[in-house]
Amino acid sequence: MVKGIGALAAVAAAAGLALSAAGTAEAASKRTFISIGTGGPTGVYFVVGNTICRLVHKEAAEGRKKGRKHGIRCSAPSTGGSTYNIGQIAAGELDFGVAQSDWQYHSYNGSSDKVTHFKKLRAVFSVHPEPYHIIVGKDSGINSWADLKGKRFNIGNPGSGQRGTTEVLMKAYGTKVGDFKLASELTSTEQSKALCDGKIDGYGYTVGVPNAGVAVATDGCGARIINLAGMVEKKLVSENPFYAFATIPKGTYKSTAADVTTFGVMATFVTSADVSDQVVFEVTRAALENIADFRKLHPAFRNLDPKRMMKDGLSAPLHNGAAKYYKEKGLM
Ligand code: GLU
């Protein structure tokens with residue numbers, strides 16, 4: 001996080017101008033820059049991060065007579081995804097990030113070598129559900145995990161949540177990388193085009209519903225989403241608090257003629273205990289006081305409910321700044 005004298009204050013001082021409103025001067029001198037790690041530009045995490053920034057800036061309202069003069073400036077760049085975001089928060093390079101509930105759990109508990117073990121990881125709120133999708137080519141003949149043997153399958157880029165969750169599924173099924181004809185590491189933005197271009201036969205993707213990246217494949221070249229609800233998935237769901245069964249309703253995409261049942265996680269918004277209570281309070285407040293606006297910015301956010309967001313899918317402790325907001329609102 002970068003703190004310092006804002007450019008506005010510096011320029012005004014150099015020009016010998018008096019800043020008219022005391023609040024403006026105060027806010028400018030306390031300007032705080034925060035960054036939120038997201039995912040690929042065609043995914044939903046990118047929209048989550050940029051929605052939160054938009055609401056933070058809306059609330060700031062410097063230059064207006066009313067508004068919260070918190071001085072926070074926010075950016076939400078595209079990143080590799082969940083485990084990348086957590087690693088960068090641990091390294092102090094990002095202040096916040098969006099991450100799958102399974103990777104939040106494993107990071108805090110140190111229960112997986114696929115994510116940085118970070119005891120200072122803190123939960124802020126959860127966002128939308130993310131079913132794990134296996135999306136396959138129209139004529140690939142793939143209808144189950146077993147059918148992926150000998151096929152070209154995109155396991156995802158390192159740093160993405162789906163890469164980790166795909167590896168968990170591979171272990172649960174006893175599938176080795178060599179069982180695929182090709183195990184590619186394409187990003188979420190590359191994979192749908194690769195499928196439609198016939199370069200891969202399928203890909204695994206943990207993502208909110210609906211989303212533009214998946215639609216490129218389902219609506220663009222008739223790709224199908226297969227069911228994943230057998231014994232292996234039942235065991236994963238019953239043994240792990242961060243997994244649940246999920247349905248992708250029929251009609252979501254052009255090729256989803258029937259409901260698809262799979263398992264999934266929650267998208268969660270996380271930070272570090274080292275980020276100040278004041279900053280986390282203001283960011284939480286901006287997102288949740290404006291929940292009606294939040295819901296409108298992506299169809300996957302339609303059902304967001306603060307009462308559930310403050311607990312569903314969260315396994316790391318709540319950050320004190322977020323807890324302060326929930327207590328003030330009588331939610332805790
Ligand atoms: N769940 C994916 C990940 O953790 C990202 C999905 C998205 O970008 O919406 O990498």
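Quick caveat, the model's predicted, so the values are computed rather than measured. Position 1 is the first residue of the sequence; numbering continues from there. Order of appearance sets the numbers: ligands from 1, and atoms from 1 within every ligand.
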(request) With sequence neighbours left out, write down each residue that passes side-chain contact (heavy atoms from CB on, under 4.5 Å) with S144, or none if nothing qualifies. (result) A146, D147
Show me, pair by pair, the donor-acceptor contacts under 3.5 angstrom made by side chains of residues 325-332, not counting sequence neighbours?
from : atom 1 : to   : atom 2 : distance (Å)
Y325 : OH     : E289 : OE2    : 2.6
Y326 : OH     : V124 : O      : 2.6
K329 : NZ     : E289 : OE2    : 3.0

(request) Could you tell me the separation between the OG1 atom of T79 and the CD1 atom of I36, rounded to the nearest 0.5 Å? (result) 11.5 Å
(request) Compile the protein residues with any heavy atom at a distance under 4.0 Å from an atom of ligand 1; present them by chain, then by number. (result) G43, V44, Y45, G81, S82, Q100, E130, S160, G161, Q162, T206, V207
(request) Kindly state each residue pair satisfying salt bridge (Lys or Arg N to Asp or Glu O under 4.0 Å) with at least one member in residues 154-176, sequence neighbours excluded. (result) K114-E167, R163-E167, R163-E185
(request) Report whether V48 and F96 are members of the same hydrophobic cluster (ILVMFWY, side-chain heavy atoms less than 4.5 Å apart, transitive linking). (result) yes
(request) Inspect the surroundings of CZ in R54 and state if more than 12 heavy atoms from other residues, nucleotides or ligands are less than 6.0 Å away. (result) no
